[in-house]
Protein chains: 2
Amino acid sequence: MDDVESTADATLHASRALVAVIARSLASALEDVSLPQFRVLVLLSNNGPLRQGVVAEQLGVHASTFSRNAGRLVAGGWVRRLEDPDNGQAKRLELTDAGRALVDQVTEQRRAEIAAVVAAVPAAERPAVLAAFRAFAHAAGEPDPQDLQTLAM
Amino acid sequence: MDDVESTADATLHASRALVAVIARSLASALEDVSLPQFRVLVLLSNNGPLRQGVVAEQLGVHASTFSRNAGRLVAGGWVRRLEDPDNGQAKRLELTDAGRALVDQVTEQRRAEIAAVVAAVPAAERPAVLAAFRAFAHAAGEPDPQDLQTLAM
DNA sequence: TACAACTAATGTACCAGGGCAACTATGCTG
DNA sequence: CAGCATAGTTGCCCTGGTACATTAGTTGTA
């Protein structure tokens, strides 16, 4: 087994731990909203207020579908529908405080759990881990936002 | 920023790349089956044939719910329902070749994409990356199977 | 101004997933 | 054998996500 393979192996193994963290952080939010709904919140969190049509297109769903989904989010108090001052026919969606808090809570939990793992790495090895993860991230390049959005990141 | 924080930061960054890979590999399977359905396939792939009731319990859904879901998987040709020779009332679920192939394809794609990233890491740094991921995985401990199952790993 | 284009909402319909309750068939045990 | 427990199926109902077609209101333009 060459070093590409064994490194890929170790990466896959470590990725299981990361996935578990991500799944756990997601699970807490999914008690409040569905995954498609949470994706919307993340989208708004990353981009600020957006027109409904834009969100629908980003999510790859029909505008009518999204209109209803947005309605559910509004009803749940996670987002607000605002008139677009520049365009009377358009509506802008904006996170409410609750919506923002939900997203923040997930990312916070994610951060905290990963920090806990890192803290469990012997201090002497931490710089090496830091350098290695940076090298890996660099080699991977910027992830496709569309892919990240699938799992609401 | 201490080195726990900056390392956690780098880890989060690297994890985005990993999540993108996982999302992509999952996406290809989700053209054929739904996520709840794929979870079933993974469960069977990891454990071999299982009684329906056991699967339902693992997934945390009602037996009646799962009975129908299993029916859809059978109809799709992904699993087979077998009489349990030891117990006339029980049914065992077993992956068909197609079901196994679907799961294998996802894990294969995942492996291949990660290997591609690793191959893009300069050879001189690869041993450090290997060591880092091992250290991280070790620090994280064994992930909770329940968490992994959420995202079908 | 009148008409076309755009944006969202709504009526209608469908499917997947989920639960509860009732039923069937089988297994176990006194 | 009678009666109870176990395993799964099915009827019924609800929610969420999805699409298509249509409608209503807004904007822009010929």
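Only this structure's heavy atoms are used, side chains among them; waters, hydrogens and symmetry mates stay out. First the proteins, then the strands, lettered A, B, ... as listed; each starts at 1.
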Is it the case that the side chain of B/Thr65 and the backbone of B/Val61 share a donor-acceptor pair, with hydrogens and angles ignored and the cut-off at 3.5 Å? no
Between the base of C/dT12 and the side chain of A/Arg68, is there any donor-acceptor pair under 3.5 Å? yes
Would you kindly give the CZ-to-C1' distance between A/Arg92 and C/dA8, to the nearest whole Å? 16 Å
Categorize A/Arg81 for me: base, sugar-phosphate, or nothing, with a 4.0 angstrom heavy-atom threshold over every strand shown. sugar-phosphate
Pair A/Gln105, A/Ser28: side-chain N/O donor-acceptor within cut-off below 3.5 Å: yes
Rounding to an integer number of Å, can you tell me how far B/Glu57 CD sits from D/dG8 P? 11 Å
Less than 4.0 angstrom between a side-chain N/O of B/Ser67 and OP1 or OP2 of D/dT9, yes or no? yes
Tell me whether B/Ser15 contacts the main-chain N or O of B/Leu12 through its side chain, where contact means a donor paired with an acceptor under 3.5 Å. yes
Would you mind telling me which of C/dG19, C/dA8, D/dG8 lies closest to the side-chain atoms of B/Arg51? D/dG8
Around atom CD of A/Glu57, are there more than 12 heavy atoms from other residues, nucleotides or ligands closer than 6.0 Å? no
Write down the distance between CD (B/Gln52) and P (C/dA25), rounded to a whole number of angstrom. 17 Å
A/Arg39 CZ to D/dG17 C1', in whole Å, measures 11 Å
Under 4.0 Å, heavy atoms only, any strand: does A/Ala63 hit a base, just the sugar-phosphate, or nothing? nothing
Taking all atoms of both residues into account, what is the closest heavy-atom pair of A/Gln52 and A/Leu93, and its distance? CG-CG, 3.8 Å
B/Phe66 CZ to C/dA16 C1', in whole Å, measures 14 Å
If you look at every strand shown and take non-hydrogen atoms under 4.0 Å, does A/Arg72 touch a base, only sugar-phosphate, or nothing? base
Per-residue pairing states of DNA chain C in dot-bracket (Watson-Crick or G-U under 3.5 Å; . unpaired, | other strand) read ||||||||||||||||||||||||||||||
Give the rounded distance in Å between these two atoms: NE2 of B/His62 and P of D/dC13. 17 Å
Select from A/Asn69 and B/Ala70 the residue whose nearest nucleotide in DNA chain D is closer to the 5' end of that strand. B/Ala70
Output yes when a side-chain donor or acceptor of B/Thr150 lies under 3.5 Å from a complementary backbone atom of B/Gln146, and no otherwise. yes
Non-neighbouring partners of A/Arg39 that pass salt bridge (Lys or Arg N to Asp or Glu O under 4.0 Å), sequence neighbours left out: none
Rounded distance in Å - CG (A/Leu35) to C1' (C/dA16): 15 Å
Sugar-phosphate means primed atoms, P, OP1 and OP2; the rest is base. With that split, encode nucleotides 22-30 of chain D 5' to 3' as B, S or - using protein heavy atoms under 4.0 Å. ---BBS---
Would B/Asp9 and A/Arg111 count as a salt bridge (charged side-chain N to carboxylate O under 4.0 Å, His left out) if you check the C-alpha gap in whole Å, the side-chain angles of each, and the deciding distance to 0.1 Å? CA-CA 8 Å; B/Asp9 231 43; A/Arg111 268 198 82 81; 2.9 Å; yes
side-chain contact (heavy atoms from CB on, under 4.5 Å), paired with B/Leu41, selected from B/Val103, B/Val106, B/Thr96, B/Asn46: B/Val103
Do any N or O atoms from the side chain of A/Thr11 and from the backbone of A/Thr7 form a donor-acceptor pair under 3.5 angstrom? yes
Whole angstrom is fine here: how far is it from CG in A/Asp32 over to C1' in D/dG16? 16 Å
What is the nucleic acid contact for A/Ser64, judged by heavy atoms within less than 4.0 Å: base, sugar-phosphate only, or nothing? base
